[in-house]
Amino acid sequence: MAQSIVGYVRDAVSPAAAYKLAPRQFHPDSIFLNLNESPYPLSPKAQQVLNTFSQGNRYPEFTQGALRTAISNYIGFAPERIAVGAGLDDVFSILVTLFIEPGKDVVISDPTFGMYATFFALHGANVINVPLGPAPDFALNVDGIISAVNENTAMVIVCNPNNPTGTLFSLEDIERIVESVPCPVGIDEAYAEFSPLDHLELARTYGNAIVLRTLSKFAGLAGYRVGYGIFPEDLVPYVSAATPAFANVSGISAAIGIASLDDLDYLIANRDEQVSERERVTALLNEMPGVSAYPSATNFVLFKLPGDDATPVLKALNDRHIYVRHYPAPDLNLNDHLRVSIGLPDENTAFFNALEEILADRGTA
Ligand SMILES: Cc1ncc(COP(=O)(O)O)c(C=O)c1O
């Protein structure tokens, strides 16, 4: 190679800091409980759209008006206040375009969704971590967040209920942050439908609250990539300017999103089953000697294993084609924990039986 352009890459782009996901193998018996996906197939109406969609040669609607109207009908906010993207991860790009100048601060609370730190740092932000308290409560340090905000702060992000802990922070705590800081507060409620509370009222009341959501979890469309944000009214023209053409949502994904939201009874029945399975899995884990599972308001459960390293148990589960999530980064203090997504009842039982066997073999259960 005669020439390299590596020297032109922006300093903020660090290969070492790239967001990483452990690979998983598609095997006929694989059970995927590592990415908090929905285990259910498309709803009947969405499947019908998939079978008949024939507009792939056409660009999607430029402003994604029909998708935004379907979301508007679902959550009760005007379509103008709703921005969509190719998954919630893509809506973070709109936040970056709107708010992040290199050198600005973004306040987060680890352990939380790893994409925030990676993505905002990639755009030159200083990520300021105000950590959660220790297990099992993982308390949000509300005063710490408020005092971390200064004139250099571009935004605060809170995830409620929080990934990967499953913790539900109180609405009062989130409201105290929103009303105490002048900057934008992004409230990531990717798991809102699994939780007894949401933050829609804050988006109605406060001019600095941005509620962030996705169709990946509750609506089961992770592979189609549809996420959305509810933005303050006076920001609407800026949000439109910051949204890419077609909002990065493909025509088929928009059509499937619309059809899924038209099949709410199906989604709600699936959600109800997952919530009851979540409680079953939590109770079963807590009956296992040396295992503690934390309360969760999401579609996953974080649990602590006996010993100080979950790696061998993770590996033994993977050997049985069962995939769960491990967080080995030392600063997260979760090396002895695993996070399991809630699957179909049979998948949850297979996971649980495998874990019981693995721990018995290791002499820890
Ligand atoms: C808290 C949180 N926010 C955002 C996302 C990204 O969702 P999407 O699939 O819509 O990009 C996830 C996915 O796991 C998540 O857990």
Side-chain angles (χ1 to χ4, degrees), residues 19-22 24 32-40 42 64 67-68 71 74-75 82-96 106 108-120 122 127 132 138 140 155-169 174 185-195 197-199 210-230 243-244 247-250 253-254 256-257 260-261 267 274 278 296-302 323-327 332 334 339-343:
Y19 191 75
K20 294 181 191 73
L21 272 180
R24 55 186 190 180
F32 293 135
L33 304 176
N34 60 331
L35 293 179
N36 302 340
E37 295 152 328
S38 164
Y40 302 103
L42 284 180
Q64 295 290 355
L67 175 60
R68 289 162 59 223
I71 295 170
Y74 171 51
I75 51 166
I82 297 163
V84 295
L88 182 45
D89 284 350
D90 192 45
V91 178
F92 297 153
S93 296
I94 300 177
L95 299 179
V96 164
V106 174
I108 66 161
S109 293
D110 266 333
T112 191
F113 185 44
M115 192 61 89
Y116 310 143
T118 308
F119 191 67
F120 289 106
L122 193 59
V127 177
L132 301 181
F138 297 110
L140 190 65
M155 73 180 305
V156 173
I157 305 244
V158 269
C159 186
N160 194 32
N162 186 48
N163 179 11
T165 60
T167 321
L168 183 64
F169 309 123
I174 309 296
V185 179
I187 306 162
D188 184 338
E189 49 169 47
Y191 301 96
E193 287 91 345
F194 300 96
S195 150
L197 66 82
D198 65 50
H199 306 83
I210 300 170
V211 171
L212 302 162
R213 285 192 163 198
T214 177
L215 299 190
S216 292
K217 312 296 179 182
F218 158 74
L221 302 186
Y224 291 97
R225 317 299 301 125
V226 182
Y228 59 99
I230 304 161
T243 302
N248 289 342
V249 180
S250 70
S253 294
I256 286 183
S260 298
L261 291 176
L267 302 184
Q274 275 191 294
R278 176 186 78 204
S296 167
T298 65
N299 66 346
F300 59 83
V301 176
L302 183 73
Y323 294 88
V324 298
R325 188 80 186 263
H326 183 217
Y327 293 87
L332 296 182
L334 294 177
R339 187 196 71 185
V340 63
S341 310
I342 301 303

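Counting starts at 1 for both ligands and their atoms, following the listed order.
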Out of the candidates L132, L140, L302, L168, only one should pair with N162 under the side chain to side chain contact (heavy atoms under 4.5 Å, CB included) rule; please name it. L132
Parallel, tilted or perpendicular: which fits the ring planes of F194 and F218, with parallel below 30° and perpendicular above 60°? perpendicular
Distance-only, no hydrogens or angles: does the T243 side chain make a donor-acceptor pair with backbone N or O of A247 under 3.5 Å? no
Closest non-hydrogen contact found for P161 with Y191 is CG-CB, 3.9 Å
Any donor and acceptor pair, going by atom type alone, linking the side chain of E189 with main-chain N or O of V211 inside 3.5 Å? no
Contact table, ligand 1 N/O with protein N/O, distance under 3.5 Å:
residue: ligand 1; atom: 3 (N); partner: D188; partner atom: OD1; Å: 3.4
residue: ligand 1; atom: 3 (N); partner: D188; partner atom: OD2; Å: 2.6
residue: ligand 1; atom: 9 (O); partner: S216; partner atom: OG; Å: 2.7
residue: ligand 1; atom: 9 (O); partner: R225; partner atom: NH1; Å: 2.8
residue: ligand 1; atom: 10 (O); partner: L88; partner atom: N; Å: 2.6
residue: ligand 1; atom: 10 (O); partner: T214; partner atom: OG1; Å: 2.6
residue: ligand 1; atom: 10 (O); partner: S216; partner atom: OG; Å: 3.3
residue: ligand 1; atom: 11 (O); partner: L88; partner atom: N; Å: 3.1
residue: ligand 1; atom: 11 (O); partner: D89; partner atom: N; Å: 3.0
residue: ligand 1; atom: 11 (O); partner: R225; partner atom: NH2; Å: 2.8
residue: ligand 1; atom: 14 (O); partner: Y191; partner atom: OH; Å: 3.4
residue: ligand 1; atom: 14 (O); partner: K217; partner atom: NZ; Å: 2.7
residue: ligand 1; atom: 16 (O); partner: N163; partner atom: ND2; Å: 2.8
residue: ligand 1; atom: 16 (O); partner: Y191; partner atom: OH; Å: 2.6

side-chain contact (heavy atoms from CB on, under 4.5 Å) between Q64 and Y228, worked out: CA-CA 11 Å; Q64 295 290 355; Y228 59 99; over 6 Å; no
